[in-house]
Structure formats: structure tokens, C-alpha cells
Amino acid sequence: MLLPRVEPKRSAHGWTSRVALVGWGVLLAGNVAAAAEDLSVFSPATRPASSIRDLFFLVLGIAGVILLIVEGLIFYCAYRFRQRRGEKSEPPQIYGSTPIEVAWTVAPLLTVFVLFLVVVRSVTEVRGESPPADSLRVIAIGHQWWWEFVYPDLGIRTANELYIPCREEGSTPTIALELQSADVIHSFWVPRLGGKTDHIPGRTNRMWFDAPERGAYHGQCAEYCGTQHANMKLLVVAESAEEFRLWHEQERREANHEAAVDAGRERFLALNCINCHTIRGTAAAGTVGPDLTHLMARRTLAAGACVNDHEHLTQWLADPDAIKPGSEMPNLHLSRQDVDLIVAYLSTLH
Amino acid sequence: MNSAAPPPSGPHEESVSLPAPTPWPLLLAAGITLAAAGLVTNWVVSGVGIMLLVVALAGWIRELVSHRGEIEIPWVEPELRAAPIKPAAARVEALRPGMPGHRMRVPEKVHPYSAGVRGGLVGGAAMAATALLYGLISGHGIWYPINLLAAMILTNFADKSTVELEQFSLAALGVGTVIHGLTSLAVGLCYGIILPTLPRWPMLWGGLVGPLLWTGATYGFMGILNPVMNARVEWSWFFVSQFVFGIATGMVVARSEKVPAERPVPRSRVSHERRY
Amino acid sequence: MAVAEPLAMRTELSDTARLRAWSTTVDHKRIGLLYVGTSLIFLVIGGLEALLIRWQLWAPELRVLGPTQFNQLFTMHGTTMIFFVVMPMLLGFANYLVPLMIGARDMAFPRLNALSYWLYALGGALTHFSFFAGGAPDVGWFAYAPLTEYTFSRGHSTDYWILGLLVSGLGSLFTGINLLTTILALRAPGMNLARMPLFVWMMLVDAILLIFAIPPLTAAQLMLLLDRSLGAHFFDTQAGGSALLWQHLFWFFGHPEVYILALPAFGMISEIVPVFSRKVIFGYESVAAATVTIGVISMGVWAHHMFTVGMSDVLDAIFSGASFLIAVPTGIKMFNWIATLYGGRLRFESPLLFAVGFLAMFVMGGLTGIMLAAVPIDWQVSDSYFVVAHFHYVLFGGSLFAIMAGFFYWFPKASGRRLSERLGRWQFWIMLAGFNLTFGPMHVAGLLGMPRRIYTYSDDRGWTLWNQLATVGALVLGVAFVLFFWNLFVSWRRGAPAGDDPWDAWTLEWATHSPPAPYNFETIPPVHSRRPLWDLKHPQDPDWILPDRAQPEVIA
Amino acid sequence: MNAGSLANRSERRRAAAEFGLGAHDAPRIGMLAFLCSEAAFFATLIIAYLTYLGQADVGPTPGEILSLGLAGANTVVLLSSSVTLWWASQAMTAGRTRSACSGLIVTILLGSLFLAGTAYEWRELIDARGLTISTNLFGTTYYTLVGCHAFHVTLGVLAMLVLAGLLASRALSAGASRGFELVEWYWHFVDGVWIAVFLVVYVWGR
Ligand code: HEA
Ligand code: HEA
Ligand code: CUA
Ligand SMILES: [Cu+2]
């Protein structure tokens, strides 16, 4: 509802998630799940994500077989040995049996040994070697409750939406993330791109993945980080090399300077917005909140809390709590007129 | 005498000494809690808490030292005492045949080891046949599977292209056959030993669980063990061939004539007492 | 109070006298009942919190609760359920049962025992007092630093969490010491370690886990308190402190803790399944050995809660392997219980119903635990509803189902009356259905990417159906609990008289009157085997004599 | 038919002696268990200390400001208190209440001296060197570890004061006293912890 829908990958969905649903014994409306594939772990778009899915099915299979066997035994015993009417005597007392007990110690041991091997292999496969030297480096910084993305090699700083080049004929760029935190622990999770890795204050974690197909991939913060953890969403947008080049060239520019909105810009610069926000090319150089230099390039506001349009922007400036209660952006009690002026100005920041 | 309690010989004749009820634990706990609560409310609360704590401790220690903390509790009236435990009317059934139990060695009969060996050979052959079938159907030719297998040891295979891997190679045939044969034998032997200890359905264990485990293991190992195979293997076929092996071996083993395991040892007193 | 009233609940004491009797008691049975009763109150609180959580998550974008309230509710729900419901409930059962089962008059340190209880009750009260003192803690039940640092958690809510748990943790520690000593020092003549009931075995290991797991938590909480109140920097990442130290210390406590919650439940099952199958436990030695093994391994798996923090491959693999390994002893128990059912003559009364429910549900939770321990899978589903589903299956489907079985089994001993069997059956089936309806769909929601601890979600994510199922399930669970409380309430006064040994059982607690006199036993039956009452009931076929008896027929 | 008769006489006698409260070794087991938990507690603090050793980004560092001499003297004081307590307990078992009492008092004095030494050290550190718990990670871990230990010493001193009081007022009779013995165990344990703390903080950590 809030986020612009992104074209779903029907094909990637297919049998896998259906198997999972059946696996859990939930036979209800398989099609309801179809809407969910944006975040489903069953529609991987990268190599690490698909090897995790494969591992998942392997382990699910093993666990499923064990589940069936054990539940089967329980129900068999419960049914077969229930006391029948008229049975008065005590059944034979069986104290145990070493061979049998050895068997059911060794069999699980073997099973978990196999599982262990599979896991070791899968860990190296998924996290594996270090990323190629020509990867696109992005420093992702978690903030309460939004994301900051710095492209050190491109000289860009943006927020909440991670733009990357996509996989194309003949080229599969890799994206290498350096995860940091400005305050508490967050976790970077875009299910279709791979597993999560935490942003831990005081250290840098790394993760990398091959560029996926062109499209948008939803993600969210996956470590509880305070009041608005729920609305710390993120969007990864994979674009063709050409689109990506256009995007980052635009991002590198200083902010638009349109005379028509001078009034709004002056209000903005006069208020304490500038303590927290940066708009390159103006005096605003705060770092507490997201960089607004190219605000209009973003699809959503406030880390996916709402769509980025005129109406929501107005509401956000008038009362951020109405959209994202508890967010670190204060309600500045702006007059209606100020809000309109500033919104008009911000709307020019393409 | 069967009863647990001795015959009641009159009320209040005997008594037991037990610690008396005492308020100090409650007060001590309250003191500790208040002392903690003061940190988040007001230091006065902590002060009260600590005072309470000291008083309670003092009271407690005095009670311990003076031995005033004990009371004699007389036995309750006979009606409130437990009734003696009577022998049960119900008979305890003896073990029936087919019931596993400590009084028997389980299993009573096992498959001979030779059955395991035979099973392994048959299973190995069946598996090889499946692999050949795969080679034919996939269009890679009959030598492809064995070359892949041999690549486990023949490291120079790592640089070969798929087309090269489809060609016949004597070395690969030799190495591949040895690997295949030995593994088949070993697994078959395991079947022979383990199957009879598993309850009932040998085919479930041998034909389903075994191959599942084994495939998982190879799946895990493959990248380290045999990267060439790893890069090219068709897992679905691989899986099928494992099952073919499991079912064939399981069948051979399960059908073999069982021989008695070692004779049941008479339950000696020693071994029995260890059980309890 | 010179002469203790044997049956306080039946005597005509005035209210104040009764209050005095209960607040000054040092009798392990009364303390056990106090524990159980208090934890039932907390169960209602924690359950109502869960219902509010489920209400808020019923549909996308609901505003039943604000984010802060929601965060407080899940924090308090988790904290309450773990520290103030399941743990004290189990310690209460242990308090009541261990001395009876080993034929002792009381716990080793009866006064310390009372202190433990009061520390727990008042610690719980202190934590909950925060609701009235400007807000309950909202940092999650494992309170990850640095979110708990003063910079990010102003006010006193987190301090309440620390202090309340410090106080009650002290109580749990003392109980651990007390149980250990009781079991080692006060066993009846003839009851050597190898003849102890399995429940006692599990409490022995449980006590050891308590003794080693709680102090690290205490130390960590102390550090956090110093950070918050005196400006120390243990977890202050701005000053070089480490966010991971807290995680290591917490989970070094936290994982043994989940086994502290599971072992006594396993113990109850190990008592109930044999009696209702009319068979001796299959493989006593291996069950006891598995318990010890679980205890040992459970100290070495803590970092499986930290797979996403970016540890090295080697550490990930080690902790993954250790976690898998725990499946082996747990599986041994599982199979031994099933083998005990096998060939038995199952009397499906409520205790066995719940025990079988436990077996069926716990496996499910255990196996999802195995899936989580597979590191890459955890990278995907950690901190999602899949984890929430996992731990409710083990905690509720495991511990709580076993506790229910325990209630039905031992209630007659404590009250002299039986719980209503009819209500018990209704409760069981409603609870089983409600439980699976609540927590089954959470697996799916988690796999569809729903993170835990979010107060709201948007409707385009496809989670709505699964949440609605869960919410309906929670209501069904509520009905089951109402039946349960009603049953307890009515049967305590008006249930059918039970007699000393209603289930024809074999351990010592059934050799005394129901409810037992303050001193437990007038005399103790001789203990020559693991089932002293079986020996008395079957003088022809006792567990322990053998010499001159002919070997039973084995038709080969 | 079998049960009663087979419970042989010695077993019955043991029943009479052991059955019920106060089986002779319960307090000892309890104390041991308690000391185990204390060991886990201090181990955690020491691990935290070692984790942060050398991690502080601002000074002062342990090498700069900790005085080995003072700590060494303090160590000698505390260790000799263990000796005097042992001596007192020997006297106690032998029934020499007076000597036990004086041994106890010497131990209390030594314990207090140790606390005074720590207090002096802390004052130096705080006033002269400007190291507080919030200065840096070293201050944080140092005061916590040493403070927790000092707190335990304080508890031990208080417990011995109570014992001495009881002895003096003859509430505690001579001969082996369980309470005395347990306090002694506790005191030796606290001394042992100090050795660990001393080695970690003053020897290795510098
Ligand atoms: C009673 C409590 C309890 C129990 C018993 C368990 C048991 C297990 N748990 Fe669970 N766990 C929790 C309570 C519990 N857990 C809680 C509360 C959390 C979340 C904390 C939080 O984040 O809030 C959690 C989280 C948790 C995680 C972290 C998830 C995450 O946050 O990312 C992991 C990961 O490895 C895990 C693993 C396991 C494993 C491997 C077991 C094993 O012990 C299970 C063993 C049992 C079986 C496997 C079934 C029976 C065995 C057989 C039938 C034999 C055959 C089986 C095989 C051969 C596999 N648990
Ligand atoms: C033993 C532990 C235990 C138990 C029993 C439960 C029971 C339940 N839990 Fe909970 N749960 C946890 C332990 C437990 N939980 C933990 C540790 C967490 C993690 C917290 C965190 O993330 O920090 C958690 C988190 C958690 C979440 C995730 C919150 C989030 O991440 O956002 C949810 C969501 O649905 C949930 C739901 C429930 C439900 C519906 C029940 C139901 O089973 C509850 C059923 C009970 C009732 C319905 C109440 C019954 C009482 C009455 C109806 C009153 C009757 C009264 C009289 C007659 C007097 N729990
Ligand atoms: Cu950031 Cu959750
Ligand atoms: Cu765990």
C-alpha cells in the first residue's frame, strides 16, 4: 500500500514456496503468499540467497523426515498401546536395551554429522572468499531509524535507498557492503539478496553479493533497535549500468538552485533543519538526519514509512510523529505557511 | 511386613523437629528489594531497605544461634497418615516373543556379514547402471560419470573441459572402479550390521533414510572432495542413484537368512544388580 | 504457630492467621505452592500482554498500541514468561516434589528457601512496578547493549529490568544451591544416585546449571547498572566499550537458561510417561546420562544466538556443530520416552494427554532449532517470526505442556483432590489446537520475511493472513487457560477426593498422605530400587530382588 | 514380606541418623556450591577486565598509575589474614575459645587493613591521578573488579565480626562450629580470588 509495487518475479517463486507451505502443513490459500515474495526467503535473486534456499530445503527435508518418523512413532504408540477395556494386568516391564539405545544414539549422531558438513560447506560457499577488487563499495550506516549509504569511490552520500547496478548480459558486478552503526545495533536484511548481517557500533562488518536482476528489492532492519525498529525499512534498487551512471552523476551534483523557491530555501536555512540535515550547495551541513540534497530521487520518506509525495512530505514536516511516532526528527511546530514553502523547496531537489 | 508405615500406636506419640515458621526471610527479601528499588526511586527507600536488611539478618542469626528456630511437630492423627501400601491385585505379564527387553539380547538374530558384502556388490552394480543410464540420457556418454568420479583422485582432471571429460580414459576407469567398488562394499557392510538393530522396516532405513543421509553427506563434502564433480553433477540423478543403491543393498541384506546372535546370557545376579 | 497446621487450606483459620502462616512458612511444600501460585498470576499477566501483542498485529497498520507500548509489551511478555512464569513454576514444582521424592523432611536450607521465594516474588513485583513508574522496559528480553545504555534508554525503565532481575536472580541462585544440597545430602537411606527418580536427576543438573549460569548474568547486569548510573563504559561503544560483550555474557547465561526451563519439564515427562504407560522407564541410565550431557553441552552453544554478528567462519562452525550435538542427547530422551510408551498399557488420562502433547510438540520445536543452528539458514531467518515460532514450540509446546501434565499429575498430592478430568480433556484439545494455530503460522510468516518485534506492518507484505491465524489462535489459547484456571479454582475446594496414591504410581511422594503432613513422612519405605512403591506393590516381582528367582520365560 | 525385613539393621540405623534435616554435610555442600557460583561471577568480571585490557582510547593506563608496591603489601596483608584465620579455627576445634577469639580479631584487623589499603589506593587514583570509573575502560573495569572483591572482603569481615561477637558472648560454643568453618572457607576463597585479581590486574595487566 505504501510502497510502490515492484514487478514481482513470478518464475522465481513457483514450486519452492508452495512446497514450504505444504511442508508446514498449512494448506490454506497458497496464493495469499504470492503477494509476499518481495521479502520471502524463497525467491532468491542472488547466488548466496539461492544457496541458502537450497540448504534450507535440504535441512527441511532431513528435519521433515525426522519429524514424520518421530510423530509417526508417537501416534502409533499412542494408538496401538492405549489401554483397552478389561485389561487389568500390568504389561511386561522392559528396562532397556543397549543395542537399541546405541542405534538411536548413533543414527542421530550420523545425521548431525552430515548436517555439520553441509553447513560448513554452505558457510564457505555463501560468505566465502573476499569480494573481487572491482566491486562497488558501499558503506551502509545504520541510524535510529534510517539508513545512510556512502559510496566512497563515487563520492555520494544518500539515505534509505541503495542504488546498485544490476546484472546484465556479460557483466555481473559485485556489491561490497561495509556495515557500520552510528548508534545501536541494526541488521541489514534484504531477504532476496541474502542473509542478514548486523551493524555493530564500533566495528565494521562486511557482506557482499552479486548484482541481481534489474528491479527493486525490499529489506528491513532485522535487529531490534528501539521505538521505530518496525519502520526501518530499506529498498535496494538495481538498475542497468546506464541508468546507474545517470543516477550517480545526478547524485554527485550539488542541490538544485531554483529561484522560484527561494523563499522556501531561506525558511529552511533559517530554521534548525540545518543542524541535522545536509543539502550540498547550501549552508545546511547537519549529519543527524538523512542527506536531503537529492530528496526527490527517493521513492519513500523516513525509511519506508510512507511514499515520497507532496502530501506525505507536507504531513512529515507538519508532524513527523503522525507518520513515524517516536522518530528522531522533532516536530518543529512550523506554521502552515512555512511547511508549504519548505515543501515547495524540497520538491525541487531532484 | 508389607507396610511402609508402622502400625499406628496412638496419636501424638511421636514427633518430628522442624524449623519453625519465621518472618526473617520475608523481611530480608523485602530489605534487599527496597534497597534496590531505592536506586530508581529515592535514596530514602534504599535507606529503609538496608535498615530492614540489617534487622532481618540479625533476627535470623539470633534464631539460628539460640536454637529457638526449631519446633517439635507431633505426628498427625492416624486418619491423616498415609495408608500402608498393599500388594497390587494386578498381575505383571511376562515378556512375549518379539518384545525387546533387557531379558533378551536384542536383536536375537542378525544378518551374516556376507550378506552385507553381497548387498554392497549388488547395490554398487545397480548404482553403476543408473550412472550409465544418466550418461546416455544426458548425452554425455557412458564414460562421463566414471571420469567425474575418478576426478576425485586424478587432480589433472580439474582443468579438463566437459568435452574432454566425455572421452574414455583407462586410468579413470581403473580409479573410478576402485573408488566405487570399495565404497559400495563398505556401505553394504554397514547395512548388514546396522539394519537388524533398527526396528522393523529394514527397507525404510536402508532404502530411504540411508540414501538421504549419504546424499547429504556427499553434498556437503563434494566441494572439498571432488570439485570437478561438484561443478558438473546433476543432483537429481545423483540422488536417484543413491536410492537405487540403498534399495538394492537393503533388499539383498533384508532377504538374507538370519543367523542367531550370541546366545542370551543368563541373567546373573551381578549383571542384574548393575541395572538398578 | 507452635504447632503447624497440617492442612492449612482446610482448617478454619482466620484470614490474618492464614496470611501469617503463609508469609512466615519455611515448609518446602507451602513454598512450592507459593511459587506455583505466584507464577500463575504472572502467567495471566504475561498472557494478557501476549493477547495485546496479538491484537495489535491482527491487521496491518493498526493503532491499538503505539510503538513504545508495543515494545514494552513484548519486552515484559518475554521477561515475565521466562523469569517470572516458567522458571519459578518449575522451581516451585521442584520445591514441592524433590524432598518428597527423595524421602526428606524438607529442603536442606528451609529458611533460605523462603528467602529465595520472597526474592523472586518481590523482584517480579519490582520489575512490574515500572509500569506505574513512568514506563516499563522496552529493550527486549535480552536487552542488547548499547540500546540499554543511558544514551539510548533514558529514564529508569531499563534500571527496573536490571534490578528486578538481579533480585529475583539471587533467589533463583539460592534455590539452585538449595536443590543441589538437598539432592546430594538428604536422600533417604538406600536411595543412591542411581536410584533417584529421573525428575530428581534432572533437577540436579538443573541446579548445577543455575549455579553456573546465573552469576555471569548477574555480573553483566551489574556492569550495565554501573554504566547507566555511574558512567562506566562496559557497553558504551562510543568510549570503546563492546556491544558484543553483553551478547556473549547474556547468552552464556541465556542458553543454559533455556535448558533450565526445559530439563525440569523433561523430568516431569520422565515421571508421568512411565506411570501412565504402566511400564518402567526405558533406559533409565541413558536418560540420566543424556541429562548430564545436555547440561554440559548447553554451556558451549551460546553463540548460536549470534550468528549474524559477523563472527569468523570457524566460530560459526563450532557453535553450529555444538548446537547440532545437543540434538543427540535430546533425541535419546525422546526415543526413550517413546520406547516407554511402546508395549505399555496407556491410560489416557489428562497427565498422559499433556505428556504426549509435549512429545509431539517439542520435537517440532527441537527440529526448527536444528534448522536455526544451520548457520546460513539462521542468517536468513534469525530475528524473524520463524525464531518466534521455534521458541514458542519449545517453551510452550515443551515446558508449558509438561507443566500442564505436572499440574494434573501432582495436584492430587498437593490438594488431596483431583482436577476435573472432563475439563482437562477439553482444555487439552483446545490448547493443542490453539497452540498450533497460534504458532504454526508464525513459521510461514517468518519465512515470508516478517521480522520479530515490529509493532506494525504494511499490507503489501503478505503477512496478514498468517498474523490473523495467530491472533485467532491466541484467543483459543485464552479459552484453554480460562478452563484451566476454572478447573484449578473449583477442584481445589470441591474436586473428587483423590486418596494418597490416585495414579498407582511408584515414587516416594505417593507413599505419604495427600496433602502430606508438614514433616512429609512418618516413616519412609525402604528404598531398594528406583521404584520403591512398585516393589511394595509387587512383592513377587520387585525391581530389586533377584537371586533365587527363576528367569522369566523368554520364548525364543 | 520382604521389604521391611530386608531393610537391614545398619540401614535402619543410618535412617535414624540421617533421615530428616541437618544431615551432617549439607552446609558444606551448600557452601561449596555457593563458592562455585561466586567463582563464576568473578570469572566473568575477570574476562571483562581482560577483554578491555589495553583497549582504553584515553589514558591513564594501568602501567602508568598502578603501584605494585602498595598492592603487593596489601596482598601480603590479606594472605596473612588467611593464616591467622586458619590458626583461629585450629584453636576453635581444639576447644580453646579464647585463642580462637583473638585469632579471629587479628584476622578482622588484617582484613580491615586490606580494605583501608584499597581505600587509600583508590583515593590516590581518584584524587591524584584523576582515574574514576568513568574516565576510560581501564577505570571502568578496574574499579568494578577490585570493588566487587573489596565488597566481598567487607562481607567476610562483617561475618567474622558476628562470629567474634557470638564467641565473646558465649553464644557459640567451642569445638567444631559449622558456622565458623564455613566463614573460614569463604574467607580463604576470597583470598584466592584476590590472588587471581592481583595477578591479572597488577602483574600481568601492567
Ligand atoms: C525450552 C527452551 C529451548 C530449547 C529446549 C531449545 C532448543 C534448541 N534451540 Fe532454541 N531457543 C530458545 C529456547 C529453546 N531452544 C529461545 C527462547 C530462543 C530465542 C531467544 C530469543 O532470541 O529471544 C531460541 C533461539 C534459538 C536459536 C537462535 C535463533 C536466532 O535468534 O537466530 C538457535 C540457533 O541455533 C536455537 C537452536 C536450538 C537447538 C539446536 C535446540 C536443540 O536443543 C533442540 C534439540 C531437540 C531436537 C532436535 C528434537 C528431538 C531430537 C530427535 C528426535 C533426535 C533426532 C534429531 C536429529 C538427528 C536432528 N534456538
Ligand atoms: C514460556 C514462555 C512463553 C509463553 C508461554 C508465551 C506465550 C505466548 N506468546 Fe510469547 N514470547 C516469549 C515467551 C513466551 N510466550 C518470549 C521469550 C518472547 C520474546 C520477547 C522478546 O522479543 O523480547 C515472546 C514473544 C512473543 C511474540 C513476538 C513479539 C514480537 O517479537 O513482536 C508474540 C507474538 O505473537 C508472542 C505471542 C505469544 C502468545 C500468543 C502466547 C500465548 O501462548 C499466551 C497464552 C496465554 C493467555 C492467552 C493468557 C491466559 C489467561 C487468561 C485468559 C486470563 C484468565 C484469567 C483468569 C480466569 C483469572 N510472544
Ligand atoms: Cu534498526 Cu532495527
Ligand atoms: Cu540457545
Side-chain angles (χ1 to χ4, degrees), chain C residues 103-110 112 173-174 176-178 180-182 184-190 207-208 210-220 222-223 226-227 230-234 236 239-242 245 248-249 252 519 521 523-528 532 535-536 539 542 544-545, chain D residues 1-8 10-49 51-52 55-58 132-145 147-148:
Chain C
R105 292 244 182 271
D106 204 319
M107 295 280 274
F109 310 112
L112 186 69
L173 175 65
F174 290 156
I177 294 174
N178 216 336
L180 180 80
T181 312
T182 308
L184 291 184
L186 298 190
R187 291 187 314 274
I208 295 173
L210 281 168
I211 289 168
F212 284 107
I214 289 187
L217 177 68
T218 307
L222 184 72
M223 295 177 199
L226 290 174
D227 274 13
L230 296 183
H233 303 296
F234 283 104
D236 174 5
S242 157
L245 180 67
H248 280 293
L249 295 182
F252 184 79
Y519 47 78
F521 301 92
T523 49
I524 262 268
V527 180
H528 295 287
D535 299 343
L536 292 174
W544 62 280
I545 339 183
Chain D
M1 170 178 77
N2 47 60
S5 54
L6 275 162
N8 62 37
S10 75
E11 219 160 8
R12 288 221 194 106
R13 216 173 314 118
R14 266 188 36 223
E18 264 185 35
F19 179 55
L21 295 180
H24 65 288
D25 43 1
R28 286 182 175 171
I29 297 176
M31 192 64 184
L32 267 182
F34 176 67
L35 294 183
C36 282
S37 75
E38 289 280 55
F41 178 80
F42 278 107
T44 312
L45 292 181
I46 290 178
I47 287 171
Y49 189 90
T51 311
Y52 290 136
Q55 301 285 312
D57 15 78
V58 291
T132 67
I133 192 167
S134 60
T135 307
N136 60 11
L137 278 172
F138 165 57
T140 294
T141 49
Y142 166 80
Y143 285 111
T144 307
L145 178 56
C148 277

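Using a 4.5 Å cut-off between heavy atoms, D:F34 contacts chain C through both its backbone and its side chain. C:L226 touches chain D through its side chain: at least one heavy atom from C-beta onward sits under 4.5 Å away, while N, CA, C and O do not. Residue C:L217: no heavy atom, backbone or side chain, is found under 4.5 Å from chain D. Looking at C:F109, only its side chain comes within 4.5 Å of chain D, counting heavy atoms on both sides. Proximity to chain D involves both the backbone and the side chain of C:S242, based on heavy atoms less than 4.5 angstrom apart.
Here D:M31 contributes atom CE and C:I177 contributes atom CD1; the two are 9.0 Å apart, rounded to the nearest 0.5 Å. We find the OG1-CE distance between D:T140 and C:M223 to be 10.5 Å, quoted to the nearest 0.5 Å. Rounding to the nearest 0.5 Å gives a distance of 9.5 Å between OG1 of D:T132 and CG of C:L230. The line from CD1 of C:I211 to SG of D:C36 is 7.0 Å long, rounded to the nearest 0.5 Å. For the atom pair OG1 (D:T141) and NE2 (C:H233), the distance works out to 10.5 Å, reported to the nearest 0.5 Å.
Highest contact tally toward chain C, considering only D:S37, D:A40, D:A33, is held by D:S37 [criterion: heavy-atom pairs under 4.5 Å]. Your options are D:L32, D:N136, D:I47, and the one with the most heavy-atom pairs under 4.5 Å with chain C is D:N136. The choice from C:L222, C:L112, C:L173 that makes the most heavy-atom pairs within less than 4.5 Å of chain D is C:L173. Annotation: maximal heavy-atom pairing with chain D below 4.5 Å, among C:L249, C:L245, C:D227, C:L180, occurs at C:L245.
C:G231 and D:S134 make their closest contact through O-CB, 2.9 Å (heavy atoms, listed as atom of the first residue, atom of the second, distance). Across D:L137 and C:G241, no two heavy atoms sit closer than the pair CD1-N, 4.0 Å. Of all heavy-atom pairs between C:A185 and D:I29, the closest is CB-CD1, 3.9 Å.
For D:A39, the side chain to side chain contact (heavy atoms under 4.5 Å, CB included) partners two or more places apart in sequence, or in a different chain, are D:F189. Partners of C:F234 by ring pair (Phe, Tyr, Trp, His ring centres under 6.0 Å), not counting sequence neighbours: none found.
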